[in-house]
Every structure is written in C-alpha cells, then in structure tokens.
Amino acid sequence: MSQTLQAVRGMNDILPDEAEFWETFEEIVRSWLKSYGYRPIRLPIVEPTPLFKRAIGEVTDIVEKEMYSFIDSLNGEALTLRPEGTAGCVRAAIQHSLVAQQPRRLYYTGPMFRHERPQKGRYRQFHQVGVEALGFAGPDIDAEMILMGARLWADLGLDGIELQLNSLGQPDERAQHRAALVSYFEEHADILDEDARRRLYTNPLRILDSKNPTLQAMCAGAPKLIDHLGTDSLNHFEGVQRVLRDAGIPFTINPRLVRGLDYYNLTVFEWVTDRLGAQGTVCAGGRFDGLVGQLGGKATPACGFAMGVERLVALIRESGGEPAAPAPDVYVVHQGDDATRLAFRVAEGLRNNGIDVLLHCGGGSFKAQMKKADASGATFAVVIGDDEAATGEAQLKVLREEGVEQRKLKVDELADAIIGQLIDSDEEE
RNA sequence: GCGGCAUUAGCUCAGUCGGUAGAGCACUGGAUUGUGAUUCCAGGUGUCACCGGUUCGAUCCCGGUAUGUCGCCCCA
C-alpha cells in the first residue's frame, strides 16, 4: 500500500456499511430536533483564525496546539478549519442579526478538526451535531436541552448514559475561586507533584482530578467553586435541577466538571458512558452568556451542546445496534440485445411505481446474474431473455421463498404483481 | 505531544526456534441447451505495512517511519 495514497491520519473514510448506519442515525436526530423546534443552519468549515482565538480562549489546548490553521496563499488571510461549531454559529448569528428580534433555536452538523493523537472515539476529523439556543436567559432552556438529551438516548435505544452537572458561576465568581484555589495549592506546594506544578497556573482546576493519592487527600479540603457562587448563580443552578427532578432525570453534580472552552458560564453538563474507554463523553454543553458580546454582538444569553457522532455511533454498535442492509425489491436479469433494451424499459417502469430496482449491468451468464440477484438480497428476480423480449414478457421469480413457481407476465403487469406480493408479505409479518 | 502493544491473501486469522508462507470466509469458472441459495470440482489469491541494518540468506532478529490500538494529556 503506497503511503502517499492514504487518508490523512485521524481522518476516516466512512464506507457504505458505516455510512448507511450514519444516515439512519441522522434521520432519528433530525426528527428529534424538529420535535423541539430547532432549525438547521449550515455554516462554513473554514473560518477566520481570530474567531476561534477570541471565542475558545488563547490559552486553551485547542487554540494553542490543536488547530489546523494556515495562511491563504492567495490573499494572506489567516484561516482555520473549525475545531468546534459554536464560534461559527455565533458569528453567523451576529453577522445576519438572527437574534435581533427574537431568540433562536438552531442546530448544525458536520466535520470538526483538531490535531490530536487519534484514539478510539477521538479523531482529527470528527463529526458533531451542535445545538444552540440564542437569546434565552433563564434556566428553563438549559433544562430543556438536558431533557432533549435524555429523549434522544431513548430514541436511539441507548441506556447507561449518565448525566453530570455543574455550575461554573459567572466569570468574576470563577476568577475568585480560581485565585483561592491557587493560593491553597501554593500553601501545599511541598506535596505537589510535577504534573500539578505544571498545571498550577495554567489549569489549576485539573489538579483536582489528580490520581495521586497524597494529592487527592489534600484536594478534599480545597476551596469549592459552589461556595463562591452568588445568589443569582445558585438560583439559576437550582432552577435547572428542579426541572430535572420534576422530569425524573437522574444526575450527578460533579464539582470537577469544567468544560475545556473558556466561553462557558453557569450551567455545564456532560452525558457520559463507561463503554467507550477513555473517550466516554458523548454529549456536552452548557451556557455561554458572554460569547455573543465577546464576539462583537449585542449581549445575548445563550446555551448549547454538541454530540460526537463517531462516539454515539460506536455506542449504538456497542449496544448491539446493527444496520439492516438495504436490499432492492427487484433485480433485473437479462441477456441479448433486445432483452437488454426491454430490461431498461421494465426497470424504469417499475421505478415509476415506486419499486426499488437493481438492473444488472456488466453482462455474464444467466447463472452468474442470478447469483448476483441472490447476493443483492432482492425479493424478486425479473428475468428477460430473447424469448421474453420477442413477446414483451418477463419471468417473475420469487427469490426468498420455497416452492413458488416463477411466472411469465406481460411487462405491463409486472408492477401490479410485484406491489401486490410485497403488500401480502408485509401483512404476514 | 508522551508511553505500552500490534501490522501476514479482499475479510478474520494461523505459521516459520532465520532457508521468500497457509486455513476459513469471500471471489471467479465448471457439474447438458436460458435461472440463485445447499452440495461437488477447479482456480488468482500476498513486494508477510514501509525503509534501512545484522546475516551466505530476514516475513521472523535489530533500528527508524507509517498506520491502528490501549493508557496519559485533552476533549465531542
């Protein structure tokens, strides 16, 4: 295998079996979104680099080392393959004044790009379904988004996906807590390990996740963010939880849940499974009230979440979901010039009646063609040879039942006969 | 980006204590003239991931690269 002919590392071809599985997934997702009043928006895959730097945060891993950024050699613009969807969605909302008159519920799907080391459930080109509600201030929209998740897992036949919830408060509250946390860790600098020292000023919250037992004991006494939340933040958080309790959605409050992107505030949540190894988050999101203003729009509250398509599809597979291989209704077998001409007419005529037809192409003996007909999974074979072509007839053969004689029919009668039998067999099931 | 493990026919894998390789499935053709599935027969299955080193000789040993995978980091 020539190395120059390989897909870029971490960017996958989705082959037909897999792609069909994705399409059924996407159909379920679209009808689910529609049932909550979300409308599609299609956004560019490439955006100006500064958009992501401003939205995601200069010091995040994504911006510092994971973005596919380049200079457009034709005009010198700094461009980036989108590493996430929210920034572009907000940019579009501002550019087109989408929230000037009214709030909006929007969704988008498509590829995102992050230069990380590939692993199961983590790819350099991966796909998300992103859902954003712009212009809603209260905890009701947060709660509705979480309820949406629960419904989708049910629609997809998934269970065992657990909800984790936290509140990040407002930026000033978060900053206070962070300062308290850093000074707490500085007091215990003697027991910090190398990893913790590195994170102390870059990502002190992550020290709380340390697997080092001596650190864990120390972390138990660390300042808690929830103690730095003001009344408004606490009320908002409680408002979300009340709806979840009313709806009977179990959740765990995880004080260590911080999202990787700077723009989040107040409610953040993740849906997590333990069946996918290290990449267990299948859906995550939260509130980002500051982002629209930060990107130059009029201050607009907002909330959103994103799902990882690869991860969800893998989880459905893991749960035993298998795609039903789609089969045509009819496979048309033909041999001889006149027969081929009639076969085209027959195939198109059947399709006019809504029947799925695979017309044999590529010649070969009747035997070889019948093998293909069988392998296609078709319910019927329609066989046309010179004899049939001469009389305007075709043989209709039932492929998947024993003891049914094939019948010779006028080509005009084929569609009715096939539809009639398809309906009969549907009723038997 | 760091560490462990892996890479043999289209697919799933076996194997050679270093002498250039097999199985099953799949595929193709045949078992009387124009008919599939089961059965029988026949047949290609391959730079043993790539590049280099050691050796008379490497698919096997060593090094590097690529890709995958598991974990870390991080995240959907």
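Just so it is clear, the values below take in all heavy atoms, side chains as well, and ignore hydrogens, waters and symmetry mates. All figures in this text were calculated on a predicted structure; none of them were measured in a lab. Naming convention: chains lettered A, B, ... in sequence-line order (proteins, then strands); numbering from 1 in each chain.
To the nearest angstrom, P of B:C75 lies 11 Å from OH of A:Tyr264.
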Response to the item:
Pairing string of RNA chain B (Watson-Crick or G-U wobble, both atom distances under 3.5 Å; | = paired to other strand) is (((((((..((((.....[..))))((((((.......))))).)...(((((..]....))))))))))))....
Practice prompt. Before giving the answer on side chain to side chain donor-acceptor pair (under 3.5 Å), spell out for A:Glu84 and A:Gln128 the whole-Å C-alpha distance, their side-chain angles and the decisive distance to 0.1 Å.
Written response: CA-CA 8 Å; A:Glu84 57 99 49; A:Gln128 286 187 336; over 6 Å; no
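At a cut-off of 3.5 angstrom, the base of B:C74 holds at least one donor-acceptor pair with the side chain of A:Arg122. Scanning atom types as modelled, no donor and acceptor separated by under 3.5 angstrom connect the side chain of A:Gln369 and the base of B:G34. The base of B:C70 lies outside donor-acceptor range of the side chain of A:Arg117, with no N or O pair under 3.5 Å.
Of the candidates B:G71, B:A76, B:G36, the closest approach to any side-chain atom of A:Arg311 belongs to B:A76. Closest to the side chain of A:Arg400, from the set B:G36, B:G34, B:A76, is B:G36. Side-chain atoms of A:Lys397 lie closest to B:G36 of the nucleotides B:U69, B:G36, B:G34. Out of B:A76, B:A37, B:U35, the shortest distance to the side chain of A:Asp374 is found at B:A37. Checking B:G68, B:C74, B:C70 against the side-chain heavy atoms of A:Pro118 singles out B:G68 as nearest. Comparing B:A76, B:G34, B:C74 by their nearest atom to the side chain of A:Val383 picks out B:G34.
Look at the C1' atom in both B:A37 and B:C5: the space between them is 42 Å, to the nearest Å. Between the C1' atoms of B:C25 and B:G68, the separation comes to 23 Å (whole Å). The same atom, C1', is picked in B:U47 and in B:C41; the two are 32 Å apart, to the nearest Å. A distance of about 32 Å separates the P atoms of B:C56 and B:G46, rounded to the whole Å.
When the side-chain nitrogen and oxygen atoms of A:Lys372 are compared with OP1 and OP2 of B:U28, one or more of them lie within a distance under 4.0 Å.
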